[in-house]
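Beneath this line is the structure, given in structure tokens, with notes to follow.
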Amino acid sequence: MNKEQRPKIAIAILTISVVLSVFAGFIAPYEPNFMNENAIGAAPSMSHIFGTDNLGRDLFSLILYGGRASLTIGIASAAIGTLIAAVYGTMSGMTNKHVDRLMMKATDLFMSIPGLLLIIVLQAVWGEASYLSLSLVIGITSWMQMSKIIRSEVIRLRKSEFVVAAEMYGGSFWYILRRHLFPNYFSSIMFMAVSNVGAAIIAESTLSFMGLGLPISEVSWGSLMSLSQDALLSDQWWMIVIPGLVMVSVLVSITEIGEYIRGRNTSKGSNI
């Protein structure tokens, strides 16, 4: 596989995963919570191509519905984190040096706290996990590094003639952000936004593995991986290998797409 083919394959894998997850209700052969008492822990077969779990649920159906949950949380939290980073980083880059220094010190303080610990604490304060709570909690703990990059871009861009002219003519912060700054640093942070999707999926999976994720009635890739202990004890390899391969394939694809975007931005240089 050459270097030019890798991003195409990654995009294809991610696109297929998203499409299958979105249309899980039409594609999945079984309801995600349907328990077949006659097929508990069944190996892959014609009736259950990925086998079943220790409750008799079809693993293929669980992976499709689980992808819907994990990808939704991943994309939503990445969007929230990117929005916070764009506003915070732009404000820091456009304000005076004293306020900028305080904002960056606050950012460094947040970054000094382990991200997973912060997520767990915020989720515990929120209460029962849901799509909304996980997306918000993961989103508001994943903006710091991106905001520092945006700040650096804004400091560079604010010296440009079009930004100086907009400020002289009384352009508001939101106007300058929307019209002049965001279009010029958008491509520079896209690879981080894409990478944050993968990081959010991992965070959700970790919470589910620890029993702090979505309710038991909601399946996700993380909750499937939490079955690994039962799989290892019972030699039901398909319960951990197949979901693990699917999840790793998607995460590697997301990483590859992010690297491809960063490589293109580096080769093209600034888009001012």
Side-chain angles (χ1 to χ4, degrees), residues 9-10 12-77 116 119-120 123 128-131 133-135 138 197-256:
I9 295 174
I13 291 174
L14 185 59
T15 301
I16 292 172
S17 300
V18 171
V19 171
L20 291 176
S21 298
V22 169
F23 295 101
F26 301 97
I27 300 172
Y30 302 92
E31 289 294 322
N33 292 318
F34 173 72
M35 302 178 188
N36 187 348
E37 297 179 356
N38 298 319
I40 295 177
S45 62
M46 292 300 295
S47 55
H48 300 282
I49 59 174
F50 285 175
T52 64
D53 66 1
N54 55 359
L55 296 177
R57 298 178 298 179
D58 181 68
L59 197 56
F60 178 63
S61 302
L62 291 174
I63 289 174
L64 293 182
Y65 281 97
R68 178 187 293 180
S70 295
L71 290 171
T72 298
I73 293 172
I75 294 171
S77 61
L116 182 59
I119 291 173
I120 292 174
Q123 184 57 61
E128 184 177 4
S130 65
Y131 281 66
S133 69
L134 290 175
S135 298
I138 296 173
V197 175
I201 292 175
I202 294 175
E204 182 277 325
S205 300
T206 303
L207 289 175
S208 295
F209 188 81
M210 298 172 63
L212 301 173
L214 294 171
I216 193 170
S217 59
E218 296 283 349
V219 63
S220 69
W221 286 342
S223 63
L224 290 179
M225 296 305 297
S226 67
L227 301 175
S228 58
Q229 291 182 338
D230 293 333
L232 293 174
L233 292 174
S234 59
D235 292 329
Q236 295 169 344
W237 56 267
W238 55 90
M239 287 171 54
I240 183 172
V241 172
I242 296 178
L245 286 175
V246 171
M247 186 172 173
V248 169
S249 298
V250 171
L251 292 175
V252 170
S253 298
I254 291 173
T255 301
E256 183 63 37

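- Between Val246 and Trp221, some side-chain heavy-atom pair lies under the 4.5 Å cut-off.
- For the residue pair Ser208 and Ser220, the shortest heavy atom distance occurs at OG-OG, 3.6 Å.
- Contact of the Val252 side chain with the Ile13 side chain is not registered, since no non-hydrogen atoms from C-beta on lie closer than 4.5 Å.
- Atom OG in Ser45 sits 12.0 Å away from atom CZ in Phe50 (nearest 0.5 Å).
- Considering CG of Leu55 and CD1 of Ile40, their distance stands at 7.5 Å, rounded to 0.5 Å.
- Inter-residue side-chain proximity for Arg57 and Pro32 is flagged as unmet; no heavy-atom pair is nearer than 4.5 Å.
- Ring planes of Phe26 and Phe23: tilted class, angle from 30 to 60°.
- To the nearest 0.5 Å, atom OG1 of residue Thr52 and atom CG of residue Asn38 are 10.5 Å apart.
- What you find for Tyr30 and Tyr65 is that their closest heavy atoms are O-CE1, 4.1 Å.
- When all heavy atoms are compared, the tightest approach of Asp53 to Leu62 is OD2-CD1, 3.7 Å.
- Under a 3.5 Å cut-off, the side chain of Ser223 and the backbone N or O of Val219 do not form any donor-acceptor pair.
- Taking 4.5 Å as the limit, some side-chain heavy atom of Ile120 sits within range of a side-chain heavy atom of Leu207.
- Side-chain contact check for Ile73 versus Ile201: every heavy-atom pair is 4.5 Å or farther apart.
- When side chains are defined from C-beta on, Pro29 counts as touching Ser61, because their heavy atoms get closer than 4.5 Å.
- The CG atom of Leu134 sits 5.0 Å away from the CG atom of Leu214 when rounded to the nearest 0.5 Å.
- Across every non-hydrogen atom of Gln123 and Ala129, the tightest pair is NE2-CA, 3.4 Å.
- Taking each heavy atom of His48 and Asn36 in turn, the nearest pair found is NE2-ND2, 4.0 Å.
- The shortest non-hydrogen separation linking Ile138 to Glu204 is CD1-N, 4.0 Å.
- Side-chain contact between Leu59 and Pro243 is present, with heavy atoms from C-beta onward closer than 4.5 Å.
- Using a 4.5 Å heavy-atom threshold, the side chains of Arg68 and Leu64 count as separate.
- Taking OG1 from Thr15 and CG from Leu20, the interatomic distance works out to 10.5 Å, rounded to the nearest 0.5 Å.
- Distance check, rounded to the nearest 0.5 Å: CG of Leu224 to CD1 of Ile63 gives 6.5 Å.
- At distances below 3.5 Å, not a single donor-acceptor pair connects side-chain atoms of Ser70 with backbone N or O atoms of Gly67.
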